[in-house]
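Working notes, structure below.
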Protein chains: 2
Amino acid sequence: MSTETSKPLRADAARNRRSLLDAAVAAFREHGVTASLDDVAKAAGVGPGTLYRHFPSRDHLILAVIDDGLAGLAALGATLFEDPDPVQALQNWLAAFIDEGSAFSGLAGTLVATPPAVQSNACRQSRVTGRALVQRAIDAGRLRDDVDAGDVIDTAGAIAWIGEHPDRDPAQRERLLRILIEGIRRH
Amino acid sequence: MSTETSKPLRADAARNRRSLLDAAVAAFREHGVTASLDDVAKAAGVGPGTLYRHFPSRDHLILAVIDDGLAGLAALGATLFEDPDPVQALQNWLAAFIDEGSAFSGLAGTLVATPPAVQSNACRQSRVTGRALVQRAIDAGRLRDDVDAGDVIDTAGAIAWIGEHPDRDPAQRERLLRILIEGIRRH
DNA sequence: ACCTGAACACCGTTCAAGT
DNA sequence: ACCTGAACACCGTTCAAGT
């Protein structure tokens, strides 16, 4: 289901790639995105060199693991474009974005930083969708017209980041999202 | 100028503590708060064990390094309490808080997480000051009365966090702070 | 073309020995 | 009471050798 297009892999290489992704999901779930890459390789039954061949950096691996999630985010954005209320549509999308950024501990940082050289297609598409939803709400006169779309997405990522910290009220996410929406709305 | 009260140190221990703090400032400035503690110890001319004796964890060291800054934040808060405009006062304090959280790369995370067991006096005092400034603005009817002071401080920390990432517009900080203030203000 | 795994450089942390 | 520094367990990354 990955949107990444690339030359087909040899059968064993494809199998290893899948094992690595599966092992990474399990490791990230348990230890966050800073999980030991050595352990990931071990759990996948491959040498560390194989991991590095497939994913040259930790960020590459992280982005690959959440590739489906990011593609889903882009698809959701397309649907929300039909929503008659552009502010509600944006809010729904941002909530989904925050959820995606909360999938693993430490993920928000990768999502906000995303070195351009590492960005996957799905990553780019999801960002484009987010920007478009912001722009639509501005064009409809519902947001201040000096609002920057990148600021909105960064702030949503930051909300996910805050949620990563221990001892946070689970309801905080909703309150922070409300502050963000109220902060960009035209009153 | 530290507000931390503790039993006086032996002369050589006090000297080592100072050297460690000085070395840590230099290392944090250059490499962020994830700088090698081994290098810090080396630069301070002590063994790694001495560093651990003075600062049992990286967070302890970080908090100690910014202790003066946090004390200054508390002092600023006391002054701002005299400001006739409670929203402007809060905004000024948050801007200073964000600045403090931007002193070193990676510092925002420590400031937002601050494990209670590690929190210094200055750290606690600065948070109390921030909360009080929020409460004053609520009591004056200038903020929504369901605004949570912790949310406001967390969001300010998150703004500092966003600013840590590469390729960010330096003017973004002001825009994000505006979103925060507009997001909590009563309209 | 891809994989393996030893090897390297590094790091945080502990603790026995010293003063 | 405090410091030293060797030792330990661990990590990311590379690369020569293999298939």
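Chain naming here is simple, since letters A, B, ... match the order of the sequence lines and numbering starts at 1 in each. For the numbers below, each heavy atom of this structure counts, side chains included, while hydrogens, waters and symmetry mates do not.
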Task: A/D146/B/R178 ion pair, N-O < 4.0 Å - done: yes
Task: Worked verdict on A/D83 versus A/R136 for side chain to side chain contact (heavy atoms under 4.5 Å, CB included) - done: CA-CA 11 Å; A/D83 193 312; A/R136 183 169 78 112; 4.3 Å; yes
TODO: Check the angle between the aromatic planes of B/W161 and A/W161 and answer parallel, tilted or perpendicular using the 30° and 60° thresholds.
DONE: parallel
- [ ] May I ask you to say whether B/R142 pairs ionically with B/D85, meaning some side-chain N is under 4.0 Å from a carboxylate O?
- [x] yes
TODO: Drop me the distance from A/Q172's CD to B/D148's CG, to the nearest 0.5 angstrom.
DONE: 7.0 Å
Open item on the list: Only Watson-Crick and G-U wobble pairs, only distances under 3.5 Å, only runs of 3 or more: what stems does that leave for DNA chain C?
Closed with: C:4-8 with D:12-16, C:12-16 with D:4-8
Task: A/F55 backbone acceptor or donor facing A/R17 side chain under 3.5 Å - done: no
Task: Spatial distance of atom CD1 (A/I98) from atom CG (A/L180) [nearest 0.5 Å] - done: 7.0 Å
Task: CD (A/E30) with more than 12 external heavy atoms under 6.0 Å - done: no
Open item on the list: Return whichever of A/T34 or B/V46 has its heavy-atom-nearest nucleotide of DNA chain D closer to the 5' end.
Closed with: B/V46
Task: Minimal non-hydrogen separation, A/L176 against B/T155, with atom names - done: CD2-OG1, 3.3 Å
TODO: Under 4.0 Å from any heavy atom of chain A: name the first and the last nucleotide of DNA chain C that qualifies, 5' to 3'.
DONE: C/dA1 to C/dA6
- [ ] Could you list by number each residue of residues 49-63 of chain B showing a heavy-atom separation from DNA chain D of less than 4.0 Å, or answer none if no residue does?
- [x] B/G49, B/T50, B/R53, B/H54
Open item on the list: Let me spell it out: for each of A/P48 and B/D12, pick the nucleotide of DNA chain D with the closest heavy atom. Which residue's pick is nearer the 5' end?
Closed with: B/D12
Open item on the list: Please verify the inter-ring angle class for B/H187 with A/H187; under 30° counts as parallel, over 60° as perpendicular, anything in between as tilted.
Closed with: parallel
